[in-house]
Amino acid sequence: MTNDPTQLANELCDYLRERVLDRNVVCTPSTPFQELGVDSMSIIELVMYLERKHGIVLPDDALRPENLRSADALARCAVAIATASATGR
Amino acid sequence: MELRYPLSGADNFQVLLDRHMRKRSRVGNVVRLSLELDPSADLQALAAGIAVNRNFQLAVSLRMKRATLVMPRWESRSGVDAVENVDVHERCTSDYFNVMVLHRDLPLTGSTVRADLLHFANGSKRLVISAHHALFDQRGMVNLANAIQPGAPPWPQEQLFPKRSQEHWWPEFRNTVYIMFYMLGSPFWFMARLLRGTPGHVSNPVFKVVQLSRAQREVVDRNAWAHGARFGNSNFHLAITLKALQQVFDQRREQPPYFWLSMPVSTRKKGSVGHLFSNSLSFVFARLKADEVSDPKRAIATVHTQVKKQLGDGIPHRYSSLLNFFRRVPLWLYSTLVNLPMRGDYASLSFSDLGNEGEGIANFGGVPVLGIVDYASVPSPPGLTVTFKRNAEGMQVVLGAVYEALSPSEFDRFQRDLVQHLTGNDAPTDGTGTV
């Protein structure tokens, strides 16, 4: 599990580049998913990737549009949840 | 230059659907994009510009070629006159639009694309692009609308078709077997069916366009969240559509135990315009019990769980493999295998949610585009097609049905119930009407 949101956001971008995006598309952690053309199915895949690779399960309440806006927002949310879970809060 | 390209598995599936439709209706698997043009548009000039457009000329020259033991392919032919596939209709009436334009057939043996420019008596003007679904998916239709604009440059040669599947035949075959068992294990025999009875020809579909305002869309968004929809609103739209459909069955005093439908998944790489011709689609599936459908919150949770499980199991990829594999078998055998578990009924309804897709056409040939309507095809069975789209005005829902599946009064009621459940109140919609 990572506790660095920047690293995790970059990892999510790598996942998108490899599996979802056209090779000419520039993806940065702050680029809005909507701008990238990333659809809901791809976002579900990202959330599943977080579960599979990092064991971070995002609760229903965390799946708010503001947390699913970009790789950066999703990574910050995931790290916050993982940290809270690790510290028992 | 002659062009040859194999059909994708998704193209071939649309050909199968076309065959299925032609068995019982007068029109095949044709989709339409209707662009409301600014009244200042010079339709004759636009028609002339479309006819000499290189992309349009290439599109109308493409035909499907199918022969025993040969992979079906698209082939361009010389000597096709593009002018014959563009028409200007003056003093057009809504009847003419409904009867002639929305039901115009495009057989795969002829040109699979045409453009109709319509001048209505009230001064409004429309461009309707009709195309065979076997050659164009939703993104392809948007690309086509941009590509055939007068003066548009030729579409890059390397982006005319998608990249060919490089999958070896063995994993493709393995995935095919996996999906066949997966489908055979589904409870199709008990699924909700609107259109039943002895085979016979159905009437032409009737379309209704429901336009919700931005304020209403915000209500829908809030309702979706309140009902537990996450990752966008598609699951809420689906759950509400099924609930409205269930009410039709309730009225008929029927209680089908299951609702079953497929949801298209675009396999195009995201973030770029992409290819012009050929489908890049796969599917995920939703199977809902009657008691889940009657409670949208439960329906959303079930669909979400099923979709997540299917993505985890790689169903969209495996299904693409199945579609690719079935290009190798004759269409009649493909049809028999599909009908084996489904008894010829493909789903409880055809459903798609286009999101923001299609909102990339601000003008056509320099003429402002005031609105866009997607008319999906209406395979019968099931006889009902529902398409959601977010647009600048708010949200659009296009309903298409044959009266053998939904009677006129049932269709009206279905529309009313759908809007009521979406918006959570009885507020009338603006711009609702049958077109």
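As the structure is a prediction and not an experimental result, all values here were calculated from the model. To find a chain, count down the sequence lines: A is the first, B the second, and so on, and within it residues start at 1.
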Participant: Flag yes if more than 12 heavy atoms outside A:Q34 fall under 6.0 Å of its CD atom; otherwise flag no.
Facilitator: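 Counting neighbours around CD of A:Q34, 12 or fewer heavy atoms of other residues, nucleotides or ligands fall under 6.0 Å, so no.
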Participant: What part of A:V47 lies closer than 4.5 angstrom to a heavy atom of chain B: side chain, backbone, both or neither?
Facilitator: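 For A:V47, the side chain is the part near chain B, not the backbone.
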Participant: When B:K270 is tested against each of A:D39, A:L36, A:L16 for side-chain contact (heavy atoms from CB on, under 4.5 Å), which residue passes?
Facilitator: A:D39
Participant: For a quick test of reading the model, state the closest non-hydrogen atom pair linking B:W225 to A:P65 and the distance between them.
Facilitator: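 It is CZ3-CD, 4.0 Å.
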Participant: Give every residue pair that meets the salt bridge (charged side-chain N to carboxylate O under 4.0 Å, His left out) criterion with at least one member in residues 23-36 of chain A, sequence neighbours excluded.
Facilitator: none
Participant: Can you tell me which of A:C27, A:S40, A:S42 forms the most heavy-atom pairs within a distance under 4.5 Å of chain B?
Facilitator: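 Top count of heavy-atom pairs under 4.5 Å with chain B: A:S40.
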Participant: If you count heavy atoms of other groups shown closer than 6.0 angstrom to NZ of B:K243, is the number above 12?
Facilitator: yes
Participant: Counting a contact as any heavy-atom pair under 4.5 Å apart, which residues of residues 298-306 of chain B contact chain A?
Facilitator: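 Against chain A, none of the residues of residues 298-306 of chain B fall inside the cut-off of heavy atoms under 4.5 Å.
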Participant: Is it true that a side-chain atom of B:K269 and a backbone atom of A:R19 form a donor plus acceptor pair closer than 3.5 Å?
Facilitator: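 Answer holds: yes.
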Participant: If you measure from CG on A:L63 to CZ on B:F231, what distance do you get to the nearest 0.5 Å?
Facilitator: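 These two atoms lie 4.5 Å from each other.
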Participant: Roughly how far, to the nearest 0.5 Å, is CD1 of A:I43 from CZ of B:R230?
Facilitator: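 It is 13.5 Å, given to the nearest 0.5 Å.
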Participant: What I'd like to find out is whether the side chain of B:V307 reaches to under 4.5 Å of the side chain of A:M41, using heavy atoms alone.
Facilitator: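 The answer is yes; the side chains approach within 4.5 Å.
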Participant: Checking heavy atoms, do the side chain of A:N24, its backbone, both or neither come under 4.5 Å from chain B?
Facilitator: neither
